[in-house]
Amino acid sequence: MENNMNITNAQYITDIDDNNCSVKATIDGQELQVPLDPANRHYAEILKQVADGTITIADAD
Amino acid sequence: MALSKVNPNFVGETAIGRRNLAINGDMRIAQRGATTTAIGQSANYFSLDRVKLFNSGGAGATYTVSQETDAPTGFTKSYKIQTTTADTSLPAASYTILRLATTEAQDLLRLGWGTSSAKSLTFSFWVKSNKTGDQTILAVTHANMQQHVKQKFTINSANTWEKKEITFVGNTGTAMEDGSAMGFGIDIFLAAGSNYQGGTTSLGVWGTRAATDKAADTLNIANSTSDYFQITGVQLEVGDTATDFEHRSYGEELAACKRYYQVVSASPTFGVDNIRARMSLSFPVEMRGTPSVSQSAVVVLANPGVGNVTQSGVSFSIAGVSTNRGGTYQLANLSGMTESKIYHFGQSSGAALLQFDAEL
């Protein structure tokens with residue numbers, strides 16, 4: 001399948017209860033905040049690249 | 001009027017209204033702007049809505065994508081991809097793909113795929129390029145199916161608008177699962193390395209997504225900075241006959257595009273503390289799913305009678321709840337804000353846009 005977004009600086013963002021609620025990442029040069037929704041194309045690609053070992057998602061600050 | 005007097009062309013399944021499954025087929029909607037330059041290794045939507053460009057695999061080619069006023073009779077806009085940096089020795093795994101007519105699975109269930117009565121799809125479009133020759137075109141299923149069927153079209157004359165009509169036979173073997181995930185799209189490998197060339201399977205036969213078939217024929221627009229590929233009048237319809245392009249109003253088409261991508265250019269916000277502002281937004285069109293969020297440029301918030309507050313850098317995020325209908329969002333990297341005070345986004349913000357992406 002063709003989908004090779006260039007993803008860097010992936011990091012979880014937490015809500016007020018310290019639960020992970022989204023991922024902040026630079027995707028193809030643009031900073032996005034990505035919901036933890038597998039139907040979201042950015043999150044689906046993040047999960048794929050994590051599974052492939054291409055990227056890791058840093059813990060929230 | 002007796003039924004016998006009605007032209008059968010207007011009562012057949014393919015000729016009744018709402019024929020075109022493709023959105024923005026006449027290339028008039030460009031929520032991301034009319035031009036995107038210096039596109040390198042990427043997989044994204046640039047400039048025009050609902051047209052995706054993949055450029056991957058290590059090739060050095062770069063492109064500009066633009067909305068052009070050059071179009072065949074009956075159309076006012078077209079999509080153009082122009083090579084700006086050539087790569088005459090493409091890596092084996094490289095490719096440049098134009099993906100068109102992406103469609104949610106739930107909108108294709110009426111095709112009856114996976115049954116003996118599976119219906120065909122016909123894809124028609126106007127095309128223009130400096131390159132001539134054969135080009136593979138793929139109907140690709142996604143989600144649970146992961147199959148494709150290939151056909152090809154030929155550009156006969158350089159730098160001349162030509163209309164092409166291609167029918168893809170219905171898939172009798174596998175049913176498409178219901179849902180809002182990507183069910184189908186048309187892929188055109190405009191350039192590709194050797195991994196994607198040389199496929200010999202028959203045209204018009206569904207099979208697994210074999211790499212070598214994807215660009216069995218390619219115009220290879222990565223070869224020269226003179227190379228370009230231009231397209232408009234994209235129509236995907238049920239059946240084996242291409243009918244005239246279904247022109248829809250600008251407003252209808254824009255609303256359809258907003259299911260996948262939309263921008264916000266104005267909203268009241270309120271100060272959370274001295275560095276952050278929040279807003280609650282309700283999307284005018286329910287999106288396909290929960291969107292990714294971003295901003296195009298730093299925002300200037302206006303506080304009438306007091307002055308403006310400018311972000312030191314982009315920072316737009318989800319603040320609590322976000323769904324496909326809207327949510328609460330936050331701008332940060334501000335300074336000198338007052339808690340609970342109202343600040344206007346859009347009054348002095350220039351070209352800054354808040355972007356919401358739920359594309360396929």
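A note on names: the letters A, B, ... follow the listed sequences, proteins ahead of strands, and every chain is numbered from 1.
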Sorted by number, residues from residues 317-324 of chain B in contact with chain A (heavy atoms, under 4.5 Å): B:S317, B:I318
Ring-face cation of B:R50 near B:Y260 (centre distance under 6.0 Å, axis angle within 45°): yes
Geometric cation-pi criterion B:R32 and B:F46, 6.0 Å radius, 45° cone: no
Within residues 51-61 of chain A, residues adjacent to chain B where the heavy-atom gap is under 4.5 Å: none
Side-chain donor-acceptor contact under 3.5 Å, B:Y63 with B:T96: yes
Side chain, backbone, both or neither of B:Q295 within contact of chain A (heavy atoms, under 4.5 Å): backbone
Donor-acceptor contact present, side-chain B:D187 to main-chain B:A139, <3.5 Å: no
Heavy-atom contact with chain A under 4.5 Å, split by part of B:Q41: backbone
Proximity breakdown for B:L360 and chain A, heavy-atom pairs closer than 4.5 Å: backbone
Region of B:N55 in contact with chain A, defined by heavy-atom distances below 4.5 Å: neither
Top contributor to chain B interface from A:N40, A:I13, A:N6 [non-hydrogen pairs under 4.5 Å]: A:N40
Between A:E31 and B:S294: side-chain donor-acceptor atoms closer than 3.5 Å: no
Residue A:Q30 versus chain B: region with a heavy atom under 4.5 Å: side chain
B:E286 bridged to B:R325 by N-O distance under 4.0 Å: yes
